[in-house]
Amino acid sequence: KKMINSSLNCVGDIKKFCSKVGKDKLLVQGAGGNVSWKEADTMWIKASGTWLADALEDNIFVPVDLIHLKKAISEKTLYITPMVMHGKKERPSIETILHALMPQDIVVHLHAVEVLSYLVRANYIEEFKSKVPSQFSWVNVEYARPGEELAKAVYDALESVPQPDVVFLQNHGIVIGAGSIKEVEVILAKVCNSLKVSYVAPELIDRMIAPIAVNASFIYNPIQNVNLQQLALNERLFVQLAENWAMYPDHVVFLGAKPFTYESVYDLYQYEKEQQILPQLIFIKNIGVFTKDEVTPAVMEQLDCFYEVLKRQNEGDNVNTLSFKQIEHLLNWEAEEYRKKISK
C-alpha cells in the first residue's frame with residue numbers, strides 16, 4: 001500500500017506538531033518524548049538527546065533502515081542496533097525498535113503529565129477502564145527499562161491487541177499510533193482530557209529566599225521558580241520528595257537516584273562536614289530548593305515535570321515508585337549517559 005505520509009507536506013505537518021508539543025511542558029520535557037514516521041523502507045525517528053521543540057529549526061530526525069528492523073522483529077531479535085541511512089552520524093533514539101514494532105505509519109511517544117500522574121499509581125488500570133474513551137483500543141505495558149527491554153514488553157502486548165491506538169507504559173508515558181498526524185492529535189487530546197486529574201493545588205508560599213554560604217568558598221543559590229520552591233516549602237510535597245522520588249525513568253536519569261533533603265540548614269552544614277562532594281540540588285524543609293552550579297535546562301524541565309506529577313497526587317493515592325534495582329539498571333547504562341551528555 002502507498003504510504004500516507006510520503007508527501008513532503010505531511011512531513012511538514014509532523015514537524016509542526018513536534019515543535020508544538022515539544023514546547024508544551026505538560027506533554028514533553030526537555031529531550032524526552034519521541035516521534036517517528038515510516039516512509040516505504042525507511043523510518044525517520046528523532047535522534048537521541050535532541051529536543052522535539054527544535055523540530056522546525058534543526059534536523060532532529062534520523063533515517064533508519066526499516067527492512068532491517070522488520071526482519072529483526074520477525075525473528076524476535078529486539079537487541080539490535082538500527083542501521084542509520086544516508087550517511088547520517090546522529091544516533092537514533094533508544095526507542096527506535098519500539099517505534100518500528102508499532103504497525104502504524106506515525107508513532108508518537110510522550111511523557112504527558114496528565115497521563116503520567118495516573119501511570120505512577122498502583123491501581124491506574126481500573127481507572128483507565130472507566131475513563132479512557134471507548135472509541136480507542138489500548139493496551140497496558142508494565143514498567144520495563146527504556147530500549148530493548150521496553151520494546152520486548154510492547155512486542156508481547158501487541159500479540160493480544162495487534163493495532164492499539166494507544167499503548168500505556170507504566171511509570172513512563174504514552175505511545176500513540178495512527179495513520180496521520182491529525183489522528184494523533186485527536187487521540188492525544190481526547191485521552192488527556194479524559195484523564196485530567198482533579199487535585200488540591202498546593203497553596204503557593206512565596207517568600208524571599210537568600211543564598212546559603214556553606215563555607216568560605218561555596219554558596220548554594222535558590223532556584224528562581226516559585227512553583228519549584230514549593231517542593232521544600234509545602235509540607236505535603238516535602239514529605240513526598242523522599243517517598244515518591246523515582247517515579248519514572250527521565251526523572252532518575254537527570255535528577256539522580258535520590259533527593260538530597262535536609263530538615264534544617266544546620267543539617268546541611270553537618271552533611272558538608274562529613275562529605276567531600278556536595279550535591280547539585282538540595283531541598284531544605286521550610287527554607288527552599290537550592291542549586292550548586294548553573295542548572296541545565298534539561299534538569300529544570302525534569303524538576304518541573306516532577307512538581308506537576310507530584311502535586312496531582314491526592315491523599316491516599318498509592319504511588320508506585322521504581323525499585324532500587326530498576327534505578328540502578330537505569331543509571332549504570334551507556335545509552336542514557338550518552339543521551340544525558342548531549343542533551344542541553
Side-chain angles (χ1 to χ4, degrees), residues 3 5-6 14 18 31-50 52 59-111 139-164 167-178 248-250 252-253 325-326 328-343:
M3 279 302 200
N5 37 358
S6 52
I14 294 170
C18 292
N34 212 321
V35 172
S36 70
W37 68 95
K38 302 177 180 86
E39 228 172 65
D41 299 336
T42 305
M43 181 172 80
W44 291 82
I45 189 157
K46 192 185 73 128
S48 183
T50 58
L52 284 173
N59 285 325
I60 63 169
F61 295 98
V62 186
V64 293
D65 185 332
L66 189 57
I67 293 177
H68 169 243
L69 291 175
K70 282 191 165 160
K71 181 173 185 294
I73 291 164
S74 70
E75 292 162 2
K76 213 172 168 179
T77 322
L78 304 180
Y79 292 85
I80 59 153
T81 305
M83 286 164 60
V84 177
M85 300 162 75
H86 311 331
K88 292 274 189 194
K89 294 284 177 277
E90 299 86 353
R91 187 193 289 208
S93 159
I94 52 175
E95 305 295 12
T96 298
I97 193 88
L98 184 153
H99 284 250
L101 273 174
M102 292 288 285
Q104 296 94 337
D105 286 347
I106 298 176
V107 178
V108 170
H109 165 54
L110 305 170
H111 304 151
V139 67
N140 174 68
V141 172
E142 282 185 12
Y143 177 81
R145 183 171 86 167
E148 296 94 344
E149 286 169 34
L150 181 56
K152 166 83 175 70
V154 171
Y155 179 97
D156 293 343
L158 293 180
E159 293 191 334
S160 60
V161 184
Q163 193 147 349
V167 180
F168 290 113
L169 310 175
Q170 183 187 14
N171 288 84
H172 186 148
I174 180 175
V175 178
I176 295 171
Y248 43 89
D250 272 14
V252 173
V253 169
K325 200 172 161 203
Q326 289 167 332
E328 219 181 24
H329 203 38
L330 269 173
L331 292 178
N332 303 328
W333 188 27
E334 188 274 332
E336 283 296 16
E337 278 303 313
Y338 172 84
R339 184 166 79 108
K340 195 171 151 189
K341 188 179 85 211
I342 68 165
S343 184

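Along the sequence shown, the residues carry numbers beginning at 1. These figures come from a predicted structure and were not determined experimentally.
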### Query
Looking at side-chain heavy atoms only, is the closest gap between Arg145 and Leu150 below 4.5 Å?
no
### Message
Using every non-hydrogen atom in the two residues, find where Ser36 and His99 come nearest and quote the distance to one decimal.
### Response
OG-ND1, 2.8 Å
## Note on the structure
Residues Leu98 and Ala151: closest non-hydrogen pair is N-CB, 4.1 Å
### Under 3.5 Å: donor-acceptor pair, side chain of Glu90, backbone of Val62
no
### Task
To the nearest 0.5 Å, tell me how far Leu69 CG sits from Met83 CE.
9.0 Å
### Query
Which atom pair, heavy atoms only, marks the closest approach of Leu52 to Gly32?
CD1-O, 4.2 Å
## Note on the structure
Here the gap from Met43 atom CE to Ile97 atom CD1, rounded to the nearest 0.5 Å, amounts to 8.0 Å
### Main-chain N/O of Gly33 paired to Lys46 side chain as donor or acceptor, under 3.5 Å
yes
#### Entry: For Gln326, all residues meeting side chain to side chain contact (heavy atoms under 4.5 Å, CB included), sequence neighbours excluded
Tyr143, Leu322, Ser323
Under 3.5 Å, which donor-acceptor pairs link side chains of residues 153-163 to any protein atom two or more places apart or in another chain?
from   : atom 1 : to     : atom 2 : distance (Å)
Asp156 : OD1    : Lys152 : NZ     : 3.2
Asp156 : OD2    : Lys152 : NZ     : 2.7
Ser160 : OG     : Ala157 : O      : 2.9

### Query
Can you find a heavy atom in the side chain of Cys18 that is under 4.5 Å from one in the side chain of Phe61?
yes
### Query
When rounded to the nearest 0.5 angstrom, what distance separates CG in Asn59 from CH2 in Trp44?
8.0 Å
### Query
Among all residues two or more places apart in sequence or in another chain, which pass the ring-ring contact (aromatic ring centres under 6.0 Å, His included) test with Phe168?
Phe128, Trp138
### Query
Would you say the side chain of Ile174 lies within less than 4.5 Å of the side chain of Val167, judging by non-hydrogen atoms?
no
### Message
So, taking the atom named CG in Asn34 and the one named CD1 in Ile60, what distance separates them when rounded to the nearest 0.5 Å?
### Response
8.5 Å
### Task
Could you tell me whether the side chain of Val35 reaches within less than 4.5 Å of the side chain of His109, counting heavy atoms only?
no
### Query
Would Val107 and Lys38 satisfy side chain to side chain contact (heavy atoms under 4.5 Å, CB included), going step by step from the backbone distance to the final call?
CA-CA 9 Å; Val107 178; Lys38 302 177 180 86; 3.8 Å; yes
### Query
Do Val108 and Val175 have side chains that get closer than 4.5 Å, going by heavy atoms?
no
### Query
Mind checking whether Val64 and Thr42 have side chains closer than 4.5 Å, heavy atoms only?
no
### Task
Could you tell me the separation between the CD1 atom of Ile176 and the CE atom of Met102, rounded to the nearest 0.5 Å?
9.0 Å
## Note on the structure
Applying salt bridge (charged side-chain N to carboxylate O under 4.0 Å, His left out) to Lys71 and not counting sequence neighbours gives Glu75
### Query
Does any N or O in the side chain of Thr77 come within less than 3.5 Å of the main-chain N or O of Tyr79, such that one atom is a donor and the other an acceptor?
no
### Exercise: identify the closest heavy-atom pair between Trp37 and Ile106
CB-CG1, 4.2 Å
### Task
Would you indicate whether the side-chain heavy atoms of Pro63 and Ile45 approach each other to under 4.5 Å?
no
#### Entry: side chain to side chain contact (heavy atoms under 4.5 Å, CB included) against Thr81, all qualifying residues, sequence neighbours excluded
none
### Message
Please report the interatomic distance CD(Glu95) to CG(Leu169), rounded to the nearest 0.5 Å.
### Response
8.0 Å
### Message
Within the 4.5 Å heavy-atom criterion, are Pro82 and His68 side-chain neighbours or not?
### Response
no
### Query
Considering residues at least two apart in sequence or located in another chain, which fulfil the side chain to side chain donor-acceptor pair (under 3.5 Å) criterion with Glu149?
His329
